[in-house]
Every structure is written in structure tokens, then in C-alpha cells.
Trainee: 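Mind having a look at this structure? Questions to follow.
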Amino acid sequence: MILHTQAPTRIDLAGGTLDLYPLYLFEDGGLTVNLAINILTKVRIEPYREGVELHSLDLQRTLTAPSARDLPLGGPLDLLVRAVRFANPQPGLRIVTQSTAPSGSGLGASSSLLVCLMTALDRINGRRHNRGSLIELASRLEAQSIRVPTGKQDYYPAIYGGVNAIWFEVERDRVEPLALDDRMWLALEDRLVLSYTGEPHDSALTNWSMMRAYIDGIPSTAVSLRRIKQTALSMREALLRADLDRLGTLIAEEWENRRQLAEGVSTPAIDTLMRVAQEAGAVASKVCGAGGGGCMVSFVRSGAKASVAGALAAHGARVLPFHIAHRGVHSRMLDDS
């Protein structure tokens, strides 16, 4: 038998960085708003002659060992290795992973792939972590791998799918699925253009620079973070009211505040692409994730999606078609005969 598992990535609309522990505690709780998209991560687990083999299709890297616990740490597959070592499945497995997002996309692909892999390994081992414990485990494994504090918002769309407001509070995290009607789902897809800027980003370094600036007491960082929280609260309300005009204003507001968090959040190339998008019909744009590169999402005027996408492509950006993913991570077992 062969196990196939897949999970969505996400577009973050507002509130990024407020999911970083312990920043959200310093600010009396955090809120992020994001939506799951069908740019997927995938894991396939199949029988193997002996030992354990881990193969990344997108990175074209392979590791083999007599057992899961013998897989070497370090290198580009370190995060995946940590998950496999933790789950410690019986030898005799080949684990193949794939992310369909561009490298350094800012779409939460590494977190999605980790959720995908851990879900698949749970299925193989005949156990099931609940959603909360899976997120806690994944965030700790990621922190071990990247060696700096890590946020948690990216795990939620991978697990839950849909459009969510995620509250980070003292007692616990809380997921609020935003009940949007079909018209609003379609309107969001019609008014958002997702593009890859061509510059990969490193969320670990960018997040660390933001946290360090906050702890060092740089006033502009604290002020911007509080404004980002307020924007996230307003974004949640705008989505629940299906107020599309307000949505564009809030995306512009979120980006303006994010630019002030730390140096390097924007780049000359990003600024150029945002100007191109605006001239073609975008109301506002923001970089996905922590910034510094990766993907950009643009909120466009009604009917302007094709013109904005064409203008961005003409200036070297890679436009990424997507749909909102209503479903989170899921598996299916197939006969290998």
C-alpha cells in the first residue's frame, strides 16, 4: 500500500509576526488572519527494500539510513529529518516529499510540509495527534531546526483549510473559522493576484530581526506591531461583513506598518513590482510572510485581475494561479499493485 498525504499553504492577509512567542504575550495577545490555498505540499510513503529513505522531489536530495533515528541531522532536509526521527517509524519505508510552492515563497510551505509529513507518519504509526498537539510539536521541531523563535500561524491553514482568524492568547491559541458565503469566496479569488517576486526570503532571519528590534525597545517597531494588531482586528471584521472595499484599504495599511518593523522587509524589486501592479489596477499589495522577498499578494479592482497579472508577468514576476482550499491536510491509502 502507498499512502498519499497533502496539505495547503496560505496567504496571510494581516497580523503576521503577532504569532511569534513571546511577542504576542507582550502585546496582550495576537491575531492573524489568513486563507488556505491549493498550492500544495505532498508526502508519499511507500514500501522500501530496507532501512529508511527520505527523498525531496523539489530539492532533489536523498538521505538513507538503517533506521529513522539514524538519519543525519543538518543540511537542507534537517526539518524533515527531525520529524521522521521523532515519529521513528519502522524501517522498510521510502518517504517522498514535495512542495509545489517556489523556494522561499513566504506562503508557509515549510510549515505545511511539516504538517503533511507528521500527519502521514501518524497514519503509518497507527496513531493520531490532535490538532493542538500536532501544532505544538511542529513548532518545536521547527524551532530546533532554524534556531530562532518561530511563529505558529502557518500550521493552522495547513490543518484546518479555509479562511481563519487565529487568536494567540495567554491560555491557548484559538482558531475562528470565518463563515464566508460562496459569493465572498469567489470574490476573494477574483480580487487577489498572487505572484512570486523572484527573490526568495528567509523568514527566520526577518522574524528574528523584528523580535530583536522589539526587545531592544526600538519605538517604531513596537508602534508598528500594535498597528498591525489593530489592522488584523479590522481585517476580521471586514471579511465577516464582506466589505471588499475596506479589505483593499487594510491590505495597504498592513503593508505600510510592516515596512516599519525592521530593515529589509521591502526591497527595490518589491517596490517596483508593487508600483507595476498599482498602475495595472491593484488597489494595494503586500508581501506574504515576514517580507524581504518571496510572494506578493495584490488586491485588485473588480475586473482587473488579468491586467494586473499580465503586467506583473511582463516585469519578471511569476504569477501563481490559486483557489482557496476549503480542506486542510488529508490522506488516502492506495493499492500499489
Side-chain angles (χ1 to χ4, degrees), residues 8-17 32-39 100-102 104-109 111-112 153-154 157 162-165 178 180 184-201 203 206 228 231-232 234-236 238-239 244-259 265-267 269-302 304-313 315-325:
T9 55
R10 63 98 183 98
I11 293 173
D12 58 311
L13 294 176
T17 310
T32 66
V33 180
N34 61 36
L35 54 90
I37 58 174
N38 67 339
I39 296 177
T100 62
S105 64
L107 299 178
S111 298
S112 170
Q153 71 151 315
D154 296 349
V163 183
N164 298 292
L178 301 183
L180 311 182
M184 186 60 176
W185 287 86
L186 293 173
L188 276 175
E189 291 182 355
D190 185 59
R191 301 287 293 273
L192 294 174
V193 174
L194 182 66
S195 59
Y196 180 60
T197 65
E199 296 180 321
H201 89 140
S203 61
T206 307
I228 284 171
T231 300
S234 299
M235 180 72 72
R236 171 186 172 274
L239 285 167
L244 288 172
D245 292 334
R246 180 68 171 146
L247 206 65
T249 301
L250 291 170
I251 287 174
E253 185 179 290
E254 215 276 352
W255 177 240
E256 187 55 37
N257 288 323
R258 183 157 303 280
R259 289 166 60 100
V265 172
S266 191
T267 68
I270 290 170
D271 291 339
T272 297
L273 287 174
M274 287 188 176
R275 185 174 64 252
V276 167
Q278 184 178 25
E279 291 171 353
V283 176
S285 297
K286 69 175 289 291
V287 170
C288 296
C295 286
M296 178 178 83
V297 62
S298 301
F299 185 82
V300 306
R301 293 194 299 269
S302 180
K305 184 166 186 171
S307 62
V308 172
L312 288 170
H315 280 78
R318 176 182 166 193
V319 176
L320 303 175
F322 74 91
H323 292 289
I324 298 172

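Being a predicted model, the structure only gives us computed values, none of them experimental.
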Trainee: Distance-only, no hydrogens or angles: does the Arg258 side chain make a donor-acceptor pair with backbone N or O of Val287 under 3.5 Å?
Mentor: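 Between the backbone of Val287 and the side chain of Arg258 there is no qualifying donor-acceptor contact (under 3.5 Å).
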Trainee: Side chains of Leu192 and Leu35, heavy atoms from C-beta outward: is any pair under 4.5 Å?
Mentor: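 Yes - at least one pair of side-chain heavy atoms lies under 4.5 Å apart.
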Trainee: Can you name the closest pair of heavy atoms from Gly16 and Thr32 and give their distance?
Mentor: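 Closest heavy-atom pair between Gly16 and Thr32: N-CG2, 4.0 Å.
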Trainee: What side-chain donor-acceptor pairs closer than 3.5 Å can you find for residues 289-298, not counting sequence neighbours?
Mentor:
from, atom 1, to, atom 2, distance (Å)
Ser298, OG, Ser285, OG, 2.7

Trainee: Taking only Lys NZ, Arg NE, NH1 and NH2, and the carboxylate oxygens of Asp or Glu, determine whether Asp190 and Lys305 approach each other closer than 4.0 Å.
Mentor: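 A salt bridge is absent here (no side-chain N lies under 4.0 Å from a carboxylate O).
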Trainee: Going from CD1 on Ile270 to OG1 on Thr197, what distance comes out if it is rounded to the nearest 0.5 angstrom?
Mentor: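 It is 5.0 Å, given to the nearest 0.5 Å.
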Trainee: Could you go through Phe322 and Thr9, starting from their C-alpha distance and side-chain angles, then the distance that decides it, and tell me whether this counts as side chain to side chain contact (heavy atoms under 4.5 Å, CB included)?
Mentor: CA-CA 10 Å; Phe322 74 91; Thr9 55; over 6 Å; no
Trainee: Of all heavy-atom pairs between Ala284 and Ile251, which one has the smallest distance, and what is that distance?
Mentor: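 What the structure gives for the nearest pair is CB-CG2, 4.0 Å.
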Trainee: Looking at every heavy atom in both Leu244 and Ala187, which two are closest together, and how far apart are they?
Mentor: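 It is CD1-CB, 3.7 Å.
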Trainee: Of all the heavy-atom pairs spanning Gly281 and Ala304, show the shortest one and how long it is.
Mentor: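 Answer, listing the atom of Gly281 first, then Ala304: O-CB, 3.9 Å.
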Trainee: What pairs meet the salt bridge (Lys or Arg N to Asp or Glu O under 4.0 Å) rule with one or both residues in residues 269-294, with sequence neighbours excluded?
Mentor: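 Residue pairs passing salt bridge (Lys or Arg N to Asp or Glu O under 4.0 Å), neighbours aside: Asp12-Lys286, Arg259-Asp271.
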Trainee: For Ala277 versus Leu312, what's the shortest heavy-atom pair and its separation?
Mentor: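 Closest approach of Ala277 to Leu312: CB-CD2, 4.1 Å.
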Trainee: Can you tell me how far the CG atom of Leu107 sits from the CG atom of Asp154, to the nearest 0.5 Å?
Mentor: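 Rounded to the nearest 0.5 Å, the CG-CG separation comes out at 9.0 Å.
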Trainee: What do the steps show when you test Leu194 against Ile37 for side chain to side chain contact (heavy atoms under 4.5 Å, CB included), and what is the final call?
Mentor: CA-CA 11 Å; Leu194 182 66; Ile37 58 174; 3.9 Å; yes
Trainee: Any chance you could lay out the side chain to side chain contact (heavy atoms under 4.5 Å, CB included) test for Leu247 and Val283, step after step, and finish with the verdict?
Mentor: CA-CA 10 Å; Leu247 206 65; Val283 176; over 6 Å; no
Trainee: Taking Glu254 for the side chain and Ile228 for the main chain, is one N or O donor matched with an acceptor at less than 3.5 Å?
Mentor: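 The answer is no, because no donor-acceptor pair under 3.5 Å joins these two groups.
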Trainee: Is the closest side-chain donor-acceptor distance between Arg10 and Ser112 under 3.5 Å?
Mentor: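 No, no side-chain donor-acceptor pair sits under 3.5 Å.
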Trainee: Verify the neighbour count for atom CD of Glu189: are there more than 12 heavy atoms of other residues, nucleotides or ligands below 6.0 Å?
Mentor: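 Atom CD in Glu189 is packed in, count exceeds 12.
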Trainee: Within this structure, what is the CZ-CG distance for the pair Arg191 and Asp245, rounded to the nearest 0.5 Å?
Mentor: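 Here the interatomic distance stands at 6.5 Å.
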Trainee: Rounded to the nearest 0.5 Å, what's the gap from CG on Leu180 to CG on Leu186? Could you check?
Mentor: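 Here the rounded value is 11.0 Å.
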Trainee: Would you compute the distance between atom CD1 of Ile11 and atom CD1 of Ile39 and round it to the nearest 0.5 angstrom?
Mentor: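 Answer for the CD1-CD1 pair, Ile11 versus Ile39, is 7.0 Å.
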Trainee: First locate atom CG of Asn34, then atom CG of Leu13, and finally report the distance between them rounded to the nearest 0.5 Å.
Mentor: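 With rounding to 0.5 Å, CG (Asn34) is 7.5 Å from CG (Leu13).
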Trainee: What residues, two or more places apart in sequence or in another chain, satisfy side-chain contact (heavy atoms from CB on, under 4.5 Å) together with Ala309?
Mentor: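 Ala309 satisfies side-chain contact (heavy atoms from CB on, under 4.5 Å) with Val193, Val319 only.
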Trainee: Quick one: closest heavy-atom pair of Gly248 and Phe299, and the distance?
Mentor: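 Heavy atoms only, the tightest pair is CA-CD2, 3.4 Å.
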